[in-house]
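Below is one structure; the comments refer to it alone.
FYI, the numbering just counts along the sequence from 1. Because only heavy atoms are used, hydrogens play no part in the values below, and waters and symmetry mates are left out as well, while side chains stay in. Bear in mind that the values here come from a model prediction, so they are computed numbers and not experimental data. One-based numbering, in listed order, for ligands and for the atoms of each.
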Amino acid sequence: MLLTLENVASYYGRTRVLQNISLELAQGECLCVLGRNGVGKTTLVRTLMGLTDSTQGRIMLNGQDITALPTHRRAMAGFGYVPQGRQILGAFSVRENILVGTFAGRGKRGEIPAECLDLFPYLRENFDRRGGLLSGGQQQQLAIARALALKPEVLLLDEPTDGIQPNIVREIGQMLLHLNRERGLTMILTEQHIKVARQIGHAFIMMDNGKIAAAGRIDEMTDELIARHMAI
Ligand code: ADP
């Protein structure tokens with residue numbers, strides 16, 4: 001397995017937000033993390049990146065125990081991260097935003113790998129444009145390109161379609177599908193759009209109150225499960 005979580009719990013201060021999280025992800029798989037607001041989806045992704053206050057249990061990436069590693073060493077170990085809200089540097093150019101990614105990862109620093117741009121003609125053609133001037137969808141492309149610049153083994157995407165216009169949601173879905181199916185990039189994404197999850201995911205987990213309430217292959221994600229864990 002490329003990634004294994006064994007009985008992971010995660011805390012903000014003394015508050016336990018996640019508990020009993022165990023899961024496995026094989027090379028090339030796409031796992032969708034689903035559930036209502038506030039159940040712990042973002043915290044799960046942040047836990048993988050070492051961005052919560054403390055963690056119990058064990059997280060193995062590519063045979064390496066990363067549970068105690070700080071965030072930058074997890075990036076080195078192979079996690080690419082597209083945070084919620086994208087966190088583009090608005091005053092910096094497209095090029096500079098992507099360059100930031102090269103300093104976090106395992107590739108050559110200060111050199112943008114060609115393969116992180118060929119999916120994004122808009123970015124290539126607007127290299128000197130300030131990040132803050134891009135639309136939501138374009139910023140999401142930029143956040144993904146920045147994460148790809150560190151040559152990740154596993155791409156973590158936190159609500160990549162959140163706040164994106166409906167017609168662009170489809171485009172982002174297609175691009176993630178390409179990254180996974182054509183390039184074999186392993187992915188974990190939190191997602192509100194069931195349609196996108198069904199389109200891209202191989203497997204899913206439904207979270208509730210900081211735990212995994214249901215898990216399975218994506219074709220086992222029934223309407224009944226969705227109604228139980230996602231309807232408002
Ligand atoms: P989701 O992504 O599913 O909407 P989150 O992971 O953001 O859920 O939040 C899970 C729980 O953790 C919520 O109860 C939220 O209030 C709490 N939480 C999130 N971030 C923090 C934080 N920085 N400090 C304390 N509690 C937090």
- request: Could you check L142 against L134 for side-chain contact (heavy atoms from CB on, under 4.5 Å), going step by step and ending with a plain yes or no?
  value: CA-CA 9 Å; L142 180 52; L134 271 51; 4.0 Å; yes
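- When every heavy atom of F204 is checked against every heavy atom of E220, the shortest pair comes out as CE2-C, 4.0 Å.
- Residue-level contacts of ligand 1 at the 4.0 Å heavy-atom threshold are Y12, V17, R36, N37, G38, V39, G40, K41, T42, T43.
- A heavy-atom distance below 4.5 Å is not found between the side chains of V33 and D158.
- For E153, the side-chain hydrogen bond (donor to acceptor under 3.5 Å, both in side chains) partners two or more places apart in sequence, or in a different chain, are N62.
- The side chain to side chain contact (heavy atoms under 4.5 Å, CB included) check on L51 picks up R46, M49, T71, Y81, with sequence neighbours excluded.
- For N97, there are no side-chain hydrogen bond (donor to acceptor under 3.5 Å, both in side chains) partners two or more places apart in sequence or in a different chain.
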